[in-house]
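These notes concern the structure reproduced below.
These numbers come from the heavy atoms of this one structure, side chains and all, not from hydrogens, waters or symmetry mates.
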Amino acid sequence: LRSLGYTHAWSISRSLATITMRPILSAYLASSFSLIYQAPTSIAAFAPHPTFASRRVSSSSTTAATMASSSDSATASSKSCPKTGNPLPNLPIPDPLLSLTPGTWAYDTMSRRVNEEIFQRTYEENEETFNSPPFAEALKRLKDLRAELDAASTTKLRDLQFDKETDGRSSDVVDREEREWKEILAPYIDNDDTWLSAPWLVTEFYSYRRLIEALGYYDKSNPATYLYDPFLVAKRAGLDSSVNSAENMLEKVVSLPKTKEGVALAAAFALWGNKMDLSIWPADAENSSMDVFAKILHAADENMLHDDTNSLTEHCERLRERGDGMVDIIVDNAGFELVTDLALADHLVASGVAKVVTFQLKSHPTFVSDALEKDLRETVEHYAALLSDKYPNAQAAGVRWQKYLDEGKWVCHEDNFWVQPSAMWEMPEPLRSDMKDRCDLAFVKGDANYRRLLGDRYWDYSSPFQDVVGCYFPCPVCSLRTLKAEVGCGMDKEQVERAKGLDDEWMVNGRFGVVQFGSGATR
């Protein structure tokens, strides 16, 4: 049933099974419904994913996730989130991705990658510091966390631990974060879920927050661990290595025309980065015909599975004409990707599309390379301090970016919501109202942010982006995403089939991308 994509039938049968709470009847209802339900041809012909069929293997371990999904689906008809009152996707909300099925990216991530690769590399990059006396307790807690991940299939989740006496933040901030995480984890802790049986998005974000807890990141009583970024070595390596690639790109960005084509190219840089083919870039870009830029964009389209660039540029033209556009960029990674985000913001301000660009940034280190405000400011300072004779375009960009920050044309905003696994239709106040009232366009960068746009759930790949995201998001939204997880929507069927034929790992290796635009909820 699942392998054919009968998501609505399965959702109904699961809901009935949840209500009865009887395993035998649960199995009977699910199997019976698969026999009597006739799915529309379009759904049957376009299955979500081969692993869909085996992602749920234990009814006892998935009750919490199923009940949460059923609750959202039941409320979808009223288009109002039960937690926040926010609008919901227009379509019935499917089940979330779990980490129970061997062979899936989710399973490999939570059963192996996070601990054996990511946390191990983090330890090696900080080995001398972690083994110093001030980090003794932190190292012990880190080892305990890694032991839990070694037994991910049997270790049950627990609440995060907060110490208001030693936490360096205000009590209001601490109380709010503690309350938010308790609400996030409650269904899975109450259900005795493990690192693998709880939704993948929840446990992946949770693992990094547990790392922050273990290292005493907010413990002001220990100056050595307080605000210590365990990923700083990796971030600085990414920053240092970004300059050579960025020098060539920034030469092009500064000469982009103040037209739709200029916005399209700036967005393409932010999506593809150094995968863009710049070999055909005209020597006299400012005076070149638009046909030349169209060719460059066409060359970048080879691995595009959906492209709403026209809708994006038309919206940006309206903002340019208005002259007071407020644009947000929900940032993903530091390093070269952040430089492409800065280049996009640079063009938006210089071309008149945006009066102010606000960077929405993470509030603590997470996912190794995700950017905080300090990472953005360090990037700007690093580029401004480069030797102008060696990197003239990168150095000039750094000086220009620092001026934007000083003049308030660029604004940085950190928020705990960006380091939590809640679906974006659960965006809390005052963040949602701020974006709804202030923001004219939000660019959403990266794969983890995209997963949150979709609630990390098994949408049909052909489900329209507007019906999944654009209908609930607080403002007009454009997602720039290269695919790195087994979830998606709004992709052209023919392009998906082409990607499948070209690459067995088309969903997870970042080769393919999308530019997707949604109107946002009615203001």
**Message:** With side chain to side chain contact (heavy atoms under 4.5 Å, CB included) as the criterion, how do Val515 and Leu480 come out once you've worked through the C-alpha distance, each side chain's angles and the decisive distance to 0.1 Å?
**Reply:** CA-CA 5 Å; Val515 175; Leu480 304 176; 3.9 Å; yes
**Request:** For side chain to side chain contact (heavy atoms under 4.5 Å, CB included), just list the numbers for Arg236 and Glu378, CA-CA rounded to whole Å, side-chain angles, deciding distance to a tenth of an Å, and then say yes or no.
**Result:** CA-CA 9 Å; Arg236 286 188 172 161; Glu378 182 177 351; 2.8 Å; yes
**Asked** Distance only, no hydrogens: is a donor on one side chain within 3.5 Å (strictly under) of an acceptor on the other, for Glu127 and Asn131?
**Response** no
**Message:** Strictly below 4.0 Å, N to O, side chains only: are Arg209 and Glu180 in salt-bridge contact?
**Reply:** no
**Message:** Do Asp229 and Tyr217 pair up side chain to side chain, a donor and an acceptor below 3.5 Å, judged on atom types alone?
**Reply:** no
**Prompt:** Between Asn126 and Tyr228, does a side-chain hydrogen bond (donor to acceptor under 3.5 Å, both in side chains) hold up when you go through it step by step?
**Reply:** CA-CA 11 Å; Asn126 297 272; Tyr228 181 84; 2.5 Å; yes
**Prompt:** Any side-chain donor-acceptor pair under 3.5 Å between Asp172 and Ser170?
**Reply:** no
**Prompt:** What do you reckon, are the aromatic ring centroids of Phe359 and Trp401 less than 6.0 Å apart?
**Reply:** no
**Item:** Test: Asp144 and Lys140 ion pair at under 4.0 Å
**Value:** yes
**Asked** Hey, are the side chains of Phe367 and Asp332 touching, using non-hydrogen atoms and a 4.5 Å cut-off?
**Response** no
**Request:** Kindly indicate, with the supporting measurements, whether the criterion side chain to side chain contact (heavy atoms under 4.5 Å, CB included) is fulfilled by Lys164 and Ser171.
**Result:** CA-CA 7 Å; Lys164 296 181 180 64; Ser171 59; 5.5 Å; no
**Prompt:** Would the Phe517 and Phe465 ring centres measure less than 6.0 Å apart?
**Reply:** no
**Message:** Salt bridge check, Arg377 against Glu373: does any charged N sit closer than 4.0 Å to a carboxylate O?
**Reply:** yes
**Message:** So that I can tick it off, tell me whether Lys390 and Glu247 are bridged by a salt bridge, with the cut-off set at under 4.0 angstrom between side-chain N and carboxylate O.
**Reply:** no
**Request:** Take Arg452 and Gln420 through the side-chain hydrogen bond (donor to acceptor under 3.5 Å, both in side chains) test and state the conclusion after the steps.
**Result:** CA-CA 9 Å; Arg452 294 186 64 194; Gln420 294 172 349; 5.8 Å; no
**Prompt:** Do Leu157 and Trp195 touch side chain to side chain, with heavy atoms closer than 4.5 Å?
**Reply:** yes
**Message:** Working note: Asp375 + Lys362, criterion salt bridge (Lys or Arg N to Asp or Glu O under 4.0 Å); need CA distance, chi angles, decisive distance, verdict.
**Reply:** CA-CA 10 Å; Asp375 300 318; Lys362 305 302 192 293; over 6 Å; no
**Message:** Check the orientation of Trp410 and Tyr404. Use parallel for under 30°, tilted for 30 to 60°, and perpendicular for over 60°.
**Reply:** tilted
**Request:** Measure from NZ or CZ of Arg169 to the centre of the six-membered ring of Phe162, then state whether that distance is under 6.0 Å and the direction lies within 45° of the axis.
**Result:** no
